[in-house]
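One structure is given here, and the rest of the page talks about it.
These numbers come from a predicted model, not from an experiment. Every number for a ligand or one of its atoms is a count from 1 in the order of the listing.
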Amino acid sequence: MSIRPQKPAPATPAPGKLPITELAEMKARRQPIVMVTAYDAPGGRLADQAGVDLVLVGDSAAMTVLGHDSTVPATMEEMLILTRAVTRGARRPLVVADMPFGSFQVTDEDAVRNAIRFVKEAGADAVKLEGAGPMLSRVRALVGAGIPVMGHLGLTPQSATMLGGFKAQGRSAEKALALLADARALEAAGCFSLVLEAVPEPVARRVSEELAIPTVGIGAGAATDGQVLVWHDLLGLYDGRAARFVKRYADVGATIREALEAYAADVREGHFPTEEHTYAMPAEELALFEQAAGTVDARRAG
Ligand code: KIV
């Protein structure tokens with residue numbers, strides 16, 4: 001019997017699931033990759049129906065759905081619940097779970113343990129983590145455990161404080177070169193794809209041309225191999241001003257507000273519910289009910 005450690009068998013994708021290898025082929029064919037964030041089952045289902053390729057359960061959930069001011073407070077338990085919901089809705093797209101702050105920064109073991117939870121408990125196909133440097137060892141450990149990893153460079157919101165706020169990165173030659181070196185290192189460590197956030201277009205172009213793995217940009221111009229937008233930005237479900245790189249494709253927030261106002265007015269004015277929203281019962285059952293209820297009333301009164 002062999003005592004050599006076994007290489008993990010590659011997970012068999014569910015029937016109908018986009019094979020992860022298809023992403024590199026899409027890059028080779030210059031077919032743009034479409035990614036969107038989602039945080040619940042209806043979101044996953046709608047993204048699937050719309051034919052998107054990748055659904056990211058972003059830790060942006062901390063801000064978009066949990067009401068925090070940054071992504072930092074997102075916890076493993078919250079991200080697991082959201083990821084499980086998304087994978088129930090999204091069948092064909094690859095679902096990528098974003099590893100929240102604190103779930104992978106300390107040790108490789110933490111990273112593997114937490115990523116396994118995303119795969120086993122929440123049905124994620126892959127995980128995403130921010131940064132390079134010490135995180136390269138995490139990527140190698142995760143890939144060694146058979147878990148596909150998406151990298152994330154540029155504006156990495158979990159370290160926004162260190163970066164001096166939510167602002168574009170890689171804008172000096174020195175910083176751009178460092179970003180290019182990090183991108184190469186993440187590819188060498190085994191990432192299957194790389195998010196580039198808030199990076200000048202020429203830098204994102206250079207990274208995308210150099211790497212064999214597909215890049216997915218957000219605020220990184222048109223030269224990346226794919227694009228990602230945050231659900232709430234894309235659909236107009238946020239308060240205040242969106243970032244420069246956001247394109248809003250609908251004003252769902254206004255539609256929801258109008259519907260709620262109409263509902264409130266209907267209830268207050270007695271227009272809802274009407275007969276069409278109401279259940280009836282057979283006349284003989286109603287008669288029996290009223291007779292018995294009357295008896296009870298009489299007994300109570302006596
Ligand atoms: O958390 C998130 O939504 C992200 C995207 C902005 C890439 O990381």
Any N or O of Glu130 that comes nearer than 3.5 Å to an N or O of ligand 1?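 No, there is no polar N/O contact under 3.5 Å.
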Ligand 1 N/O within reach of Asp59 N/O, cut-off under 3.5 Å: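 Between Asp59 and ligand 1, an N or O pair is found under 3.5 Å apart.
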With the threshold set at 4.0 Å, does a side-chain nitrogen-carboxylate oxygen contact exist between [X] and [Y]?
X	Y	result
Asp48	Arg92	no
Arg113	Glu109	no
Asp233	Arg248	no
Glu22	Arg29	yes

Sorted by first residue and then second, give each ring-ring contact (aromatic ring centres under 6.0 Å, His included) pair with at least one member in residues 31-72; sequence neighbours left out.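 Checked against ring-ring contact (aromatic ring centres under 6.0 Å, His included) - neighbours excluded - the pairs reaching residues 31-72 are Tyr39-His232.
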[X]: numbered ligand 1 atoms lying under 4.0 Å from its heavy atoms:
X	result
Asp98	1 (O), 2 (C), 8 (O)
His152	8 (O)
Gly58	1 (O), 2 (C), 3 (O)
Thr37	3 (O)

Suppose we measure from [atom] to each protein heavy atom; which comes out shortest, and what is that distance?
atom	answer
atom 8 (O) of ligand 1	Lys128 NZ, 3.0 Å
atom 2 (C) of ligand 1	Ser60 OG, 3.3 Å
atom 7 (C) of ligand 1	Leu56 CD2, 3.7 Å

Could you go through the salt bridge (charged side-chain N to carboxylate O under 4.0 Å, His left out) check for Arg184 and Glu210 one step at a time? CA-CA 8 Å; Arg184 288 183 188 131; Glu210 269 214 21; 2.8 Å; yes
Does atom CZ (Phe289) have a neighbourhood of more than 12 heavy atoms from anything else shown, all under 6.0 Å?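 No, CZ of Phe289 has 12 or fewer neighbouring heavy atoms, counting only those of other groups under 6.0 Å.
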